[in-house]
Protein chains: 2
Amino acid sequence: MTKSERTYSISELAREFAITPRALRFYEDKGLLSPRRDGMNRVYLSRDRARLVLILRGKRVGLSLIEIKEILDLYNADENHRLQNHLALKKFKSRVVALEEQRKDIDDAIETLRDAVNRLEKQLEAPAPKAQVASARAYDREARKRLQDA
Amino acid sequence: MTKSERTYSISELAREFAITPRALRFYEDKGLLSPRRDGMNRVYLSRDRARLVLILRGKRVGLSLIEIKEILDLYNADENHRLQNHLALKKFKSRVVALEEQRKDIDDAIETLRDAVNRLEKQLEAPAPKAQVASARAYDREARKRLQDA
DNA sequence: GGTTAGCATGACGTGAACGTCAACGTCAAG
DNA sequence: CTTGACGTTGACGTTCACGTCATGCTAACC
């Protein structure tokens, strides 16, 4: 009794991940996916689904499809080729470094936006009584300068 | 005595940030920068430089130029329009949420790659004596399955 | 004064990642 | 039996973010 794995049609899989069938065909065209066939029709197994998860996550972190393909290929490379693996190791490590730098960028962007949010909230909750207007505006200019010139 | 601010020519600024003059003109065309002019020639002030820093960081975190422009515009919006500011506040907050999600994606990607790196290093440092080959390979298959099916 | 370097403005080209449309096959429902 | 719903393969269109000329001005150097 062969345990029949869960399968997906192209539109099923597309719906689940909020993408289009066209995108799935495109990924296949670029060698990122290779679903089985039932006659002409594509049949996706959970292996394919798992790869798709990695593909989409790769996209979200800003990798190109080619880069994603390279990673997936290295990932599934034959474990007996030491040279291959040594290369993969180097590439993975540099990829990690790049991602860490990107993480830093995101942290910085979040901080900048949070500062802006605080500035705006403070401004909105205070209807700005005239007496304080001048100094408040001066303060505000300073805050903005710090943000701009950083 | 007017304190003459530091200025940059287009190619100076381009060199500093490892981009091309064409890119700077493109950003200007899209309304992200608006340098002064000396005759025909563009003159960038430190304000422009600061904006450019934000632009490039925005790009690195995956924002489109249009999104970046919107943020910069909101950022520099006239502080007297309460409705405007309320809108900006909402947009900034949702942007922060999006960035936090993206950071999660990056953390996940880093973790996946680190696991792969560990797997590869273990494999490379052990020349795989025959006695252990079978079980090692079985372990490896498991590790890979966990990574794939996650 | 010719040449080089740097700047300008078009205008067309390009690669990535799909969208969109045409033309066709297929299978279950009414 | 014909209508939909779903699938297929081309092939062309589109958006983004520039790259790459072509052409021309201008200021500095030899």
Side-chain angles (χ1 to χ4, degrees), chain A residues 6-45 48-49 51-73 95 98 102 105 109, chain B residues 6-45 48-49 51-73 95 98 102 105 109:
Chain A
R6 166 84 205 267
T7 70
Y8 309 81
S9 80
I10 189 166
S11 52
E12 278 172 5
L13 200 57
R15 252 194 312 276
E16 181 177 353
F17 290 96
I19 60 179
T20 66
R22 167 66 174 142
L24 286 172
R25 294 195 190 100
F26 187 75
Y27 299 156
E28 181 176 349
D29 210 60
K30 297 296 167 181
L32 289 144
L33 288 175
S34 34
R36 304 289 111 58
R37 296 288 183 134
D38 174 15
M40 285 273 84
N41 293 16
R42 290 168 175 80
V43 177
Y44 297 86
L45 306 184
D48 302 310
R49 206 195 93 109
R51 271 181 86 91
L52 180 57
V53 169
L54 295 179
I55 291 170
L56 295 179
R57 198 177 63 193
K59 286 202 57 182
R60 286 197 302 274
V61 306
L63 301 184
S64 74
L65 294 186
I66 295 181
E67 292 172 317
I68 296 171
K69 174 178 163 49
E70 196 194 344
I71 292 177
L72 288 177
D73 288 355
R95 198 50 94 184
Q102 199 182 338
D105 280 330
Chain B
R6 166 84 205 265
T7 71
Y8 309 81
S9 80
I10 189 167
S11 51
E12 277 172 5
L13 200 57
R15 252 194 312 277
E16 180 178 354
F17 290 95
I19 61 179
T20 66
R22 167 64 174 145
L24 286 172
R25 294 196 190 99
F26 186 75
Y27 300 155
E28 181 176 349
D29 209 62
K30 297 296 165 181
L32 288 143
L33 288 175
S34 35
R36 306 287 111 57
R37 297 288 183 132
D38 174 15
M40 287 272 84
N41 293 14
R42 289 167 176 83
V43 177
Y44 297 86
L45 304 185
D48 303 309
R49 205 195 95 109
R51 271 181 87 91
L52 181 57
V53 169
L54 294 179
I55 292 170
L56 296 179
R57 197 177 64 194
K59 287 202 56 183
R60 285 197 302 274
V61 307
L63 301 183
S64 73
L65 294 185
I66 296 181
E67 292 172 317
I68 295 172
K69 173 179 164 50
E70 196 194 345
I71 292 177
L72 289 178
D73 286 356
R95 198 50 93 185
Q102 198 183 338
D105 280 330

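Please read these numbers as outputs of a predicted model, since none were measured by experiment.
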Table please: side-chain donor-acceptor pairs of residues 19-29 of chain A below 3.5 Å, with sequence neighbours left out.
from    : atom 1 : to      : atom 2 : distance (Å)
A:Thr20 : OG1    : A:Ala23 : N      : 3.1
A:Glu28 : OE1    : A:Arg42 : NE     : 2.5
A:Glu28 : OE2    : A:Arg37 : NH2    : 3.3

Checklist entry - Does A:Lys69 reach the side chain of A:Leu65, with side-chain heavy atoms less than 4.5 Å apart? => result no
Item to check | salt bridge (charged side-chain N to carboxylate O under 4.0 Å, His left out) partners of A:Arg60, counting only residues at least two apart | outcome: B:Asp105
Checklist entry - In whole Å, what is the span from the NZ atom of A:Lys69 to the C1' atom of C:dA17? => result 16 Å
Checklist outcome for this item: Output for pair (B:Leu63 CG, B:Gln102 CD), nearest 0.5 Å, gives 7.5 Å
Next on the checklist: For DNA chain D, which residues of residues 28-41 of chain B approach it to below 4.0 angstrom with any heavy atom?
Outcome noted: none
Checklist outcome for this item: To the nearest 0.5 Å, atom CG of B:Asp48 lies from atom CG of B:Leu32 at 12.0 Å
Checklist entry - Excluding sequence neighbours, so at least two apart, what forms side chain to side chain contact (heavy atoms under 4.5 Å, CB included) with B:Ile66? => result B:Ser64
Checklist entry - Do any side-chain nitrogens or oxygens of A:Thr20 fall under 4.0 Å of OP1 or OP2 in C:dC18? => result no
Protein N or O to nucleotides 12-17 of chain D N or O, pairs below 3.5 Å:
from   : atom 1 : to      : atom 2 : distance (Å)
D:dA17 : OP1    : B:Leu65 : N      : 3.0

Item to check | End-to-end axis angle, where each axis spans five pairs of the helix from C:dG1-D:dC30 to C:dG30-D:dC1, to 10° | outcome: 20°
Next on the checklist: Using a heavy-atom cut-off of 4.0 Å across all strands, would you classify A:Arg42 as base, sugar-phosphate, or nothing?
Outcome noted: sugar-phosphate
Item to check | Residues which pass salt bridge (charged side-chain N to carboxylate O under 4.0 Å, His left out) with A:Arg95, listed by chain and number, not counting sequence neighbours | outcome: A:Glu67
Item to check | Spacing of CZ belonging to B:Arg51 relative to CD1 belonging to B:Ile55, to within rounding of 0.5 Å | outcome: 6.5 Å
Checklist entry - Do any side-chain nitrogens or oxygens of B:Ser9 fall under 4.0 Å of OP1 or OP2 in C:dG6? => result no
Checklist entry - B:Arg25 has an atom CZ; how far is it from atom P of C:dG10, in whole Å? => result 12 Å
Next on the checklist: What is the separation between atom CD1 on A:Ile68 and atom C1' on C:dA16, rounded to the nearest whole Å?
Outcome noted: 12 Å
Item to check | salt bridge (charged side-chain N to carboxylate O under 4.0 Å, His left out) partners of B:Lys59, counting only residues at least two apart | outcome: none
Item to check | Closest non-hydrogen atom pair, A:Ile68 against A:Gly58 | outcome: CD1-C, 3.7 Å
